Amino acid sequence: MRVLMINKFLHPNGGSETYIFKLGEYLASQGNEVEYFGMEHDGRCVGNRVNAYTGDMDFHGGSKLSKITYPLKTIYSSEARKKLRLVLDDFCPDVCHLNNFNYQLTPSVILEIVKWRKETGHTCKILFTAHDYQLVCPNHMCHNPNTHENCERCLSGQFVNCTKGKCIHGSTAKSAIGMLEAYFWKLNGVYKYIDKIICCSEFLKTKMDTNPLFREKTIALHNFVERVEPKAVEKKDYVLYFGRFSEEKGINTLVEACNLLPDIQFVFAGSGPLKDKVNQLKNVKNVGFQTGKALDTLIREAKFSICPSEVYENCPFSVMESQQRGTPTIGTNIGGIPELITDGIDGRLFTSKDSKQLAAIIRELWNNPDKVEEYAKACLNLERDDIDSYYEKLIPIYLGDDRTV
């Protein structure tokens, strides 16, 4: 099978890129041919035989001319269509697997796949893995950055609410562009050509299903997580947070909880705009951004971890990576997090933004090591898809038979 992975970034940038790189590598190991299409970039690490990519678009920099032309290019890209056609003609994929494509590549790539199919008679499935809410919410997050509240006003298709709320970077102009992009492709009907939409949580599926067009296409399939070997380690006296130090990730709430628990030691592993706020806490050790064995050890040796996110996370790796290593997680009760944590069985849930409740739960677990050990054992028995089992579920979707999923 020939699979073309389409994603705007072809260099390490976030969860979407981790997904396409690991999945693409595994697909190839199973005898499939895999190529990639997206933007050119100095850090690009995957590609295609004809070296066809769109120009790199940096919305936060660039010349004055580029800033003037960007609004049009974020809605429709003739360049993306032309470059993609070169790849389609050469590679002849059986599956085009879309990931993050809005704004830089634009949904016009879907039109080119459809045109190519008609002109060549080649059968090619179009799949889309939804890593966020981009097809139903112009700012992709269902979160207003100005009010710091989760927002679902656009889910009805009334994208004008994006402009009213200045939901994209707090800018009326950028929000208006996002609104126009959403309305343009809604009226164009381009998404009807997507055969299946893979949602990485049941929660995300419910939000996508608010659009009747998507309702018959969506499949909930949690992200795969890398298999790790269980190790007997001695737990150390700290609570762990690892991730971005930002408001939407719940850092302010966690900082307030830390202040309420001066006798409990916390370790923060990450970076972000609220770093200075984190560094001011006397009972917090900031070890910076960690990966590999260092992060593995931090997770395994922690009594438990915290996932205090205040936006609609779907399938956070931080929760699954903790559980796989026998470290229970305290997480917020919103988005897809409750799908991963069963309150009182393998971890705890708390009300988003409630620092006092979070502090009370941390105190309760800190003072009850037997309960933490009980949760830890339950975590090690949780069933999570590794890449092998995820592949077994994905192939029927590629082939158009998802009855086993």
Side-chain angles (χ1 to χ4, degrees), residues 8 16 71-72 74-76 98-111 114 126-222 247-248 309-316 332-339 351-353:
K8 55 190 179 184
S16 173
L72 294 177
T74 60
I75 296 175
Y76 182 93
L98 301 165
N99 290 270
N100 286 344
F101 58 87
N102 287 68
Y103 300 133
Q104 280 89 344
L105 299 180
T106 80
S108 55
V109 294
I110 300 174
L111 294 179
V114 173
I126 301 176
L127 269 75
F128 170 58
T129 293
H131 299 276
D132 56 28
Y133 307 90
Q134 67 176 349
L135 298 195
V136 292
C137 170
N139 89 338
H140 296 196
M141 295 176 65
C142 288
H143 183 81
N144 187 309
N146 306 298
T147 63
H148 308 294
E149 298 291 335
N150 293 324
C151 169
E152 300 182 10
R153 293 184 179 87
C154 285
L155 297 190
S156 62
Q158 300 300 314
F159 302 122
V160 68
N161 289 301
C162 179
T163 303
K164 290 180 179 179
K166 299 182 181 180
C167 293
I168 300 179
H169 302 307
S171 164
T172 300
K174 291 179 180 179
S175 300
I177 293 168
M179 175 196 72
L180 290 173
E181 188 263 359
Y183 275 126
F184 179 83
W185 292 111
K186 177 184 177 182
L187 295 172
N188 181 280
V190 68
Y191 298 129
K192 67 185 178 186
Y193 297 113
I194 297 176
D195 294 297
K196 288 294 179 183
I197 299 173
I198 301 171
C199 302
C200 54
S201 70
E202 292 284 354
F203 181 85
L204 174 55
K205 184 181 186 304
T206 65
K207 301 310 172 190
M208 297 294 287
D209 287 351
T210 58
N211 184 326
L213 178 64
F214 301 151
R215 202 169 296 146
E216 300 303 316
K217 300 175 182 288
T218 55
I219 298 169
L221 185 59
H222 283 153
E247 187 162 0
E248 72 273 7
S309 185
E310 293 169 3
V311 294
Y312 290 152
E313 300 280 359
N314 288 304
C315 191
T332 45
N333 62 350
I334 58 173
I337 294 174
E339 296 173 35
T351 303
S352 176
K353 299 185 180 182

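All values reported here derive from a predicted model rather than from experimental measurement.
- Taking all atoms of both residues into account, the shortest heavy-atom contact from Lys217 to Lys196 is O-CD, 3.3 Å.
- Between Lys186 and Phe159, the shortest heavy-atom distance links the atoms CD-CE1, 3.9 Å.
- Remark: Leu155 pairs with Val136, Cys142, Glu152, Lys207, Thr210 by the side-chain contact (heavy atoms from CB on, under 4.5 Å) rule, at least two apart or across chains.
- The OG atom of Ser156 lies 10.5 Å from the CG atom of Asn211; values are rounded to the nearest 0.5 Å.
- Counting heavy atoms from C-beta on, the side chains of Pro138 and Cys167 never come closer than 4.5 Å.
- Between Tyr76 and Trp185, the two ring planes are parallel [angle under 30°; tilted spans 30° to 60°].
- Among residues two or more places apart in sequence or in another chain, the side-chain hydrogen bond (donor to acceptor under 3.5 Å, both in side chains) test is passed with Tyr133 by Asn314.
- Side-chain contact between Thr74 and Ile177 is present, with heavy atoms from C-beta onward closer than 4.5 Å.
- A distance-only check finds a donor-acceptor pair linking the side chain of Asn139 to the backbone of His143 [under 3.5 Å].
- In this structure, the side-chain hydrogen bond (donor to acceptor under 3.5 Å, both in side chains) partners of Lys205, at least two apart in sequence or on a different chain, are Asp209, Thr218.
- You'll find the side chain of Thr106 stays beyond 4.5 Å of the side chain of Phe184, heavy atoms only.
- Applying the side-chain hydrogen bond (donor to acceptor under 3.5 Å, both in side chains) test to Gln134 and every residue at least two apart in sequence or in another chain returns nothing.
- Side-chain contact annotation: Asn99 with His131, donor-acceptor N/O pair under 3.5 Å present.
- Looking at Tyr191 and Ile110, their side chains come closer than 4.5 Å, going by heavy atoms from C-beta outward.
- Taken to the nearest 0.5 Å, the CG atom of Leu204 stands 10.0 Å off from the NE2 atom of His222.
- Minimum heavy-atom separation, Asn100 to Ser16: ND2-CB, 3.4 Å.
- Put simply, the side chain of Leu98 does not reach to within 4.5 Å of the side chain of Leu105, judged on heavy atoms.
- When all heavy atoms of Ser175 and Thr163 are compared, the closest pair comes out as O-OG1, 3.6 Å.
- In this structure the side chain of Thr129 never reaches within 4.5 angstrom of the side chain of Leu221, judged on heavy atoms.
- Of the possible polar contacts, none joining the Asn102 side chain to the Pro107 backbone as a donor-acceptor pair under 3.5 Å is found.
- Between Tyr183 and Val160, the closest side-chain pair of non-hydrogen atoms falls below 4.5 Å.
- In this structure, the side chain of Thr172 does not engage the main chain of Lys166 through any donor-acceptor pair within 3.5 Å.
- Of all non-hydrogen atoms in Ser352 and Asn333, the two that sit nearest each other are N-OD1, 3.5 Å.
- Distance check: His140 NE2 to Asp132 CG gives 5.5 Å after rounding to the nearest 0.5 Å.
- In this structure, the separation between CD1 on Ile194 and CG on Leu213 is 8.5 Å, given to the nearest 0.5 Å.
- Across all non-hydrogen atoms, the minimal contact from Asn161 to Cys154 is CB-SG, 4.0 Å.
- Side-chain contact between Met179 and Lys164: absent, with no pair of heavy atoms (C-beta onward) separated by less than 4.5 Å.
- Summarising the geometry, atom CD belonging to Glu247 is positioned 7.0 Å from atom CD belonging to Glu310; distances are rounded to the nearest 0.5 Å.
- No donor-acceptor pair closer than 3.5 Å links the side chain of Asp195 to the backbone N or O of Leu127.
- Legend: residues meeting side-chain hydrogen bond (donor to acceptor under 3.5 Å, both in side chains) with Asn144, ordered by chain and number and at least two apart, are Asn146.
- Under the side-chain contact (heavy atoms from CB on, under 4.5 Å) criterion, Glu248 pairs with Met141, Arg244, Ser246, Val311, not counting sequence neighbours.
- Of the possible donor and acceptor atoms, one in the side chain of Glu339 sits under 3.5 Å from a partner among the backbone N and O of Glu202.
- A donor-acceptor distance shorter than 3.5 angstrom exists from the side chain of Thr332 to the backbone of Ser309, with no hydrogens or angles considered.
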